[in-house]
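Computed from a predicted structure; not experimentally measured.
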Amino acid sequence: MRLSQKIRREVRFLKGLSRTLKRVKSIAPDSVNLICDDLEAAVDKYGDRPAITFEGKTVSYAELDAIANRYAHWAKGQGLTRGQTVALFMPNRLEYLAIWYGLTKVGVATALINNQLTGAALAHCLNISQALHCIVDPETSPCFEDVKGQLERHVQQWVLGPVHDDQRDLVKALKSCSQLRPDRLTARDGITAKDTALFIFTSGTTGLPKAARITHMRAQLYMRGFAGSTGAKETDRIYVTLPLYHATGGLCALGAGLLNGGSIVLRKKFSATHFWPDVVTENCTMFVYIGELCRYLANQPEHELERAHKLRLIFGNGLRPDVWDTMLDRFKVGGVLEFYGATEGNVSLFNFDGKRGAIGRVPGYLKKKFNIRIVKFDVEEEMPVRGANGCCVEVAPGEVGECIGHIGSDARSNYTGYADKAATEKKVLRDVFEKGDAWFRTGDLMKIDGDGYIYFVDRIGDTFRWKGENVATSEVAERIAGFPGVLEVNVYGVKVGDLDGKAGMASLVTDDEFDLEGFGKHVDEHMPGYARPVFVRLQKAIETTGTFKYRKIDLVNDGFDPAKTKDPLYFRDPANGYVKITKALHAKIESGAFKL
């Protein structure tokens, strides 16, 4: 890289960093300034400006505040007091933000429940939230009804729509509630930024979701942090199709828009077909992504409007390098701001200068200012490696290790964890570099290069050992994604008989262009022997969580057993390439008949 380019990159990095730090500087655990105060300040400044547009209806900042105030008075009318929780179980709607914003005005926390949950997982989330009231709409009410018998306590159901039996009519109840702000001194007396504002649930890719406790301080870090990092302005219109029950859509994107006087164009859910017409019609200038959404767009045939947009920045996480190129080169978006953050943790990274593929950067000269380190890791033990002195060891450039974050008392390094104390403690690593220190375990494997750029490698548990080597599922998926006809890839490890480690398996969604024989040649050419998938499963669709993360747990449980799925399964026979797995072949593989 030429010196002039390097200087330009450094300037971009430092500008982005200082913009972000400036916005979060005043956040403190003992501050009486809460997330609702930040939003009220924006309302007072931008009252008449459009705040949120949803399904043809737009509300101004002042109207959004009036809706929130009604919810605050409703909560008081129900006798809800500081520290109690209301569950919010709805899809994206115009009122979504207003509900939890209003409840924070009177010290009530909101548990943001994934609206796609049903059955045991839904009951589990409602139970651990400790909520005594649950707000639903006509779409989610039947799911709530189905699990009432599994709840540990009576939870009163409030419906934004028609009611029956013991359901309560929220529309009617709100009509008698004031639109004026509740008195701040009495409503929020004694509440500080370290009190709980929200519960946001982990995606449950490997089991039941856990409730991450989001304090006012943490919500402020998300919302103000993105108001700074994106450099959003009053003129910006941010397209949001991610679920508002999760931090990326519900806090990061909304903060970027609403704390700067901009507008949010909200959709109920993502649609690859409607994406470009929406973005163009609504004059959107930004879009918040999860990597897989961009992959869906990249897999679409060319659209007449895909370059007719005004997108000056897209921001989000999980963008794979090949799709990153598509977003910039094919769709001509102005720039990409990739970030990394754990909902429940204290580690956050931003790729301010746009180095393709990196999730962030910690330059050597600023290392002491960041609470982030990457330490050597034992994949089989799933624990960081300790040196002769009992301390953890930092990785060298290019080496893969676990990313950890130093736990401190200030806002940026504070760790609040989960509602479950045991789950919270499990994520803490002690005596890491010196006696008595404590660090948050992200559970993510990363590597850093000589310039301080950090790259995501895999989730711990997704990386597996095969033939004495560590196999990173994300890297294998990246190579496979480049083969013609492959639309989606999910890679994981499966046990084979008594063999050590796990063999690689790839679940693929393909189109008519896909050729299994050619695929075998492709993996031979592009991957070392230990990384090539031993098994392939062809699916019509890959199951994802509500935040578009691939669910692996069921696939791992099915393994390569044809008795457990109707999907076509294939085995890479050392002599004949990929062959279809029958019950007889499955038994033969399990018995060790093949030298794998």
| Given Phe560, Tyr570, Phe594, the one that forms ring pair (Phe, Tyr, Trp, His ring centres under 6.0 Å) with Phe535 | Phe560
| message | Is there a side chain to side chain contact (heavy atoms under 4.5 Å, CB included) between Thr241 and Lys268? Walk through the geometry before answering. | response | CA-CA 6 Å; Thr241 64; Lys268 198 167 181 181; over 6 Å; no
| Is there a donor-acceptor pair under 3.5 Å between the side chain of His309 and the backbone N or O of Phe331? | yes
| message | Could you check whether any side-chain heavy atom of Thr442 comes within less than 4.5 Å of a side-chain heavy atom of Ile404, counting everything from C-beta outward? | response | no
| message | Is it the case that the side chain of Glu306 and the backbone of His303 share a donor-acceptor pair, with hydrogens and angles ignored and the cut-off at 3.5 Å? | response | yes
| Would Glu139 and Arg93 satisfy salt bridge (Lys or Arg N to Asp or Glu O under 4.0 Å), going step by step from the backbone distance to the final call? | CA-CA 11 Å; Glu139 197 175 294; Arg93 284 177 65 123; over 6 Å; no
| said: Can you confirm whether Cys403 sits close enough to Ile372 that some side-chain heavy atom of one is under 4.5 Å from a side-chain heavy atom of the other? | reply: yes
| query | Within a reach of under 6.0 Å around CZ of Arg479, are more than 12 heavy atoms found that belong to other residues, nucleotides or ligands? | reply | no
| task | Would you indicate whether the side-chain heavy atoms of Tyr492 and Arg537 approach each other to under 4.5 Å? | result | yes
| request: Please state whether the rings of Phe483 and His522 are parallel, tilted or perpendicular, taking 30° and 60° as the class boundaries. | output: tilted
| message | For a 4.5 angstrom cut-off between non-hydrogen side-chain atoms, does Leu112 reach Leu244? | response | no
| query | Are any side-chain N or O atoms of His246 and backbone N or O atoms of Ile200, one a donor and one an acceptor, separated by less than 3.5 Å? | reply | no
| task | Please check if the side chain of Ser141 supplies one atom and the backbone of Asp137 the other of a donor-acceptor pair under 3.5 Å. | result | no
| said: Pair Tyr340, Met446 - check side chain to side chain contact (heavy atoms under 4.5 Å, CB included), show working. | reply: CA-CA 11 Å; Tyr340 169 87; Met446 300 182 190; 3.4 Å; yes
| task | Please work out which of the three classes, parallel, tilted or perpendicular, describes the rings of Phe226 and Phe339, given edges at 30° and 60°. | result | perpendicular
| query | Would you call Cys294 and Met327 a side-chain contact if the rule is heavy atoms closer than 4.5 Å? | reply | yes
| Between Asp451 and Lys355, is the closest basic N to carboxylate O distance under 4.0 Å? | no
| query | Is it the case that Tyr289 and Asn317 place a side-chain donor and acceptor less than 3.5 Å from each other? | reply | no
| Which heavy-atom pair separates Pro91 from Thr140 by the least distance, and what is that distance? | CD-CG2, 4.0 Å
| said: Contact between Ile454 and Lys447 at the side-chain level, heavy atoms closer than 4.5 Å - yes or no? | reply: no
| request: Give, for atom CG of Leu266 and atom CD1 of Ile52, the distance between the pair rounded to the nearest 0.5 Å. | output: 6.5 Å
| task | Heavy atoms only: give me the nearest Arg330-Ala298 pair and the separation to one decimal. | result | NH1-O, 3.1 Å
| said: Do the side chains of Asp554 and Lys564 get close enough for a salt bridge, i.e. N-O under 4.0 angstrom? | reply: no
| message | Taking Asp322 first and then Arg295, would you say they form a salt bridge - that is, a charged N and a carboxylate O separated by under 4.0 Å? | response | yes
| message | Does the plane of the ring in Phe275 sit parallel, tilted or perpendicular to the ring in Tyr239? Use 30° and 60° as the thresholds. | response | perpendicular
| Can you tell me if Asn114 and Tyr245 form a side-chain donor-acceptor pair at under 3.5 Å? | yes
| Between the side chain of Thr565 and the main-chain N/O of Pro562, is any donor-acceptor distance below 3.5 Å? | no
| query | Any idea which heavy atoms bring Val375 and Val395 closest together, and the distance? | reply | C-CG1, 3.7 Å
| Worked verdict on Glu304 versus Trp276 for side chain to side chain contact (heavy atoms under 4.5 Å, CB included) | CA-CA 9 Å; Glu304 59 183 0; Trp276 294 115; over 6 Å; no
| task | Grab the two heavy atoms, one from Trp324 and one from Glu338, that are nearest each other, plus how far apart they are. | result | CH2-CB, 3.5 Å
| Between Ala211 and Phe201, what is the shortest heavy-atom contact and its length? | CB-CE2, 3.5 Å
| How long is the span from the CZ atom in Arg9 to the CZ atom in Arg361, to the nearest 0.5 Å? | 9.0 Å
| request: Measure the SG-CD distance between Cys143 and Gln116 for me, rounded to the nearest 0.5 Å. | output: 10.5 Å
| request: Specify the closest pair of heavy atoms between Arg441 and Ile460, including all atoms of both residues, with the distance to one decimal. | output: NH2-CD1, 3.9 Å
| field | Side chains of Thr58 and Thr53, donor plus acceptor under 3.5 Å | value | yes
| query | Under 4.5 Å between any side-chain heavy atoms of Leu538 and Phe514, yes or no? | reply | yes
| field | Verdict with reasoning, Val523 to Arg572, per side chain to side chain contact (heavy atoms under 4.5 Å, CB included) | value | CA-CA 11 Å; Val523 297; Arg572 191 182 172 88; 3.4 Å; yes
| request: Taking atom types as modelled, find out whether Lys269 and Asn92 have a side-chain donor-acceptor pair closer than 3.5 angstrom. | output: no
| Can you tell me how far OG1 of Thr235 sits from CG of Asn283, rounded to the nearest 0.5 angstrom? | 11.5 Å
| field | Straight-line distance of Ile264 CD1 to Met286 CE, nearest 0.5 Å | value | 10.0 Å
| task | Would you tell me whether Asn115 and Tyr96 have side-chain atoms, one donor and one acceptor, within less than 3.5 Å of each other? | result | no
| said: The test is salt bridge (Lys or Arg N to Asp or Glu O under 4.0 Å); show your working for Glu399 and Lys376 and say whether it passes. | reply: CA-CA 8 Å; Glu399 197 178 355; Lys376 293 190 178 194; 3.6 Å; yes
| query | Which distance, rounded to the nearest 0.5 Å, do you find between the CG of Asp378 and the CD of Glu402? | reply | 11.5 Å
| task | Before accepting this row, confirm whether a basic side-chain N of the pair Arg532/Asp524 lies closer than 4.0 Å to the acidic partner's carboxylate O. | result | yes
| Does NZ in Lys495 sit with more than 12 non-hydrogen atoms of other residues, nucleotides or ligands closer than 6.0 Å? | yes
| request: Mind running side chain to side chain donor-acceptor pair (under 3.5 Å) on Thr285 and Asp236 for me, showing each step along the way? | output: CA-CA 6 Å; Thr285 56; Asp236 279 311; 2.6 Å; yes
| Partner residues of Tyr418 under the side-chain hydrogen bond (donor to acceptor under 3.5 Å, both in side chains) criterion, sequence neighbours left out | Glu344
| field | Step-by-step side chain to side chain donor-acceptor pair (under 3.5 Å) determination, Tyr578 to Asp573 | value | CA-CA 6 Å; Tyr578 285 107; Asp573 184 315; over 6 Å; no
| Student check: side-chain heavy atoms of Leu313 and Val336 closer than 4.5 Å | no
